[in-house]
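As the structure lists them, so they are numbered: ligands from 1, and atoms in each ligand from 1. Keep in mind the model is a prediction, meaning the values are calculated, not measured.
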Amino acid sequence: MSSSRLAGKRLILAVTGSIAAYKAVGLLRLLTQQGAEVQVVMTESSTRFVAPLTFEVLSGSPVTCDLFSSHQDMKHLSLPEQADLMLVAPCTANTLAKLALGLADNVLGTMALTLQCPMVICPAMDGEMWLHPTVQAHAKTLKDRGATIVEPEKGELASGQWGHGRLATEENILATLQGILQPRRDWRGERVLISAGPTQEPIDPVRFLSNGSSGKMGYAMAEAVAARGAEVVLVSGPTHLVCPQDVTRVAVVTADEMLQALTARFDWATTLIMAAAVGDFRAQKPYSHKMKKEQWNGDALPLERTPDILLALSAQRTHQRMIGFAAETEDLIEHGQIKLQRKQLDMLIANQVGGEHSAFGNDSNEVIVLTSNAAPYPIPRAPKRHLAETLLDCIKNLSTSSKSQHSVPSSTT
Ligand code: CTP
């Protein structure tokens, strides 16, 4: 992405009291390298992690920490008035709650209430705090009010624990800022139907067959294409992810429900991106009551195939671009080419599952793009949000000949 995309932009970087405050130093450098003018605001507890002087030297401007001293030059009013965007990174659970409730007991809370520009919030917290219903409710409140939440990532936390709370990568945060401040609107006029996440097939009311898909790739595609101007419907299997801004989400559980939800909207769509990891098997006869251990006599659970959704939709295709993903443990290209042909797709994005670098659950991914008329195109490892932008470029550039083979007049609104 061009470095000029933040040139001349006036940003407020608000730093709160998380151990990840040190990462805000790198972020500040990146933003200034991208040409942004950055004013730093710190909560009192964040100054226990990083000295304001560090931010002052790197931003070339005084840091605003104290509400009472900021009253003297009215910084709490003038900064939000002049800013193009306010970035809260890292944002603790405490600040997230204050922002959601509109508390103004520090300079950051006060500024947030007078802000006229977009706010981007990058939560970072320990353990499983991010998944706590209260924290999720605060994130949703802020999102509903128009803030953009850059999801924290899974990984090793400062406490040494493994959890879902690590500050998003610099690349992800930067891509989000660029998307908001200098959006490309090259998908305007398109209607994009995306599936994401795993499906779950019940065995009994408490057990199910599923897979390790997190849904992150499909959600990243939905967020990116909506930011680029498309109308987006995201049909999602069960995930913990927050629905991206300007995206309509339809929640489903089983492969049958996903097929129904996609079929109902297929005529409307100009592009289908099938990023879901649809389960291939289900119990022939799910139990209506919880199966007791003692009831099991050692017999195998009889399974049957679920519908192949892509295959069913490609049979009904009229004008849609159709994009599939392939989850493979070996021979990516060979197996991917077979799926590309069998499911009659315009593009198949093959990724490796299983092992340390599995596409499932990771925040980054590397893929090989397969089309019927070009050589396999490998895209190196990148954060999924970044990868989504590159994949959207590839989809947009699909030869018009492959699209026009299936073209009908675009009256299917
Ligand atoms: N897919 C689908 N319906 C299914 C299974 C998969 O529409 N029942 C879609 C997936 O969303 C993906 C593509 O088909 O876009 C390839 O999925 P993948 O799991 O890689 O392959 P399968 O078709 O399931 O084949 P196999 O399990 O033999 O690898």
Reference residue Asp346; test side chain to side chain donor-acceptor pair (under 3.5 Å); the match among Gln320, Arg317, Arg321: Arg317
Charged N to carboxylate O under 4.0 angstrom, Asp105 versus Lys98? yes
Lys/Arg N to Asp/Glu carboxylate O, Glu170 vs Lys23, below 4.0 Å: no
List, ordered by chain and residue number, the protein residues whose closest non-hydrogen atom lies under 4.0 Å from any atom of ligand 1. Met274, Ala276, Val278, Asp280, Thr306, Pro307, Asp308, Ile309, Leu310, Gly324, Phe325, Ala326, Ala327, Lys339, Lys343
Ser213: side-chain hydrogen bond (donor to acceptor under 3.5 Å, both in side chains) partners, not counting sequence neighbours: none
Please list, chain by chain and in numerical order, all residues satisfying side-chain hydrogen bond (donor to acceptor under 3.5 Å, both in side chains) with Asp204, sequence neighbours excluded. Arg207
Could you name each residue pair satisfying salt bridge (charged side-chain N to carboxylate O under 4.0 Å, His left out) that touches residues 147-165, not counting sequence neighbours? none
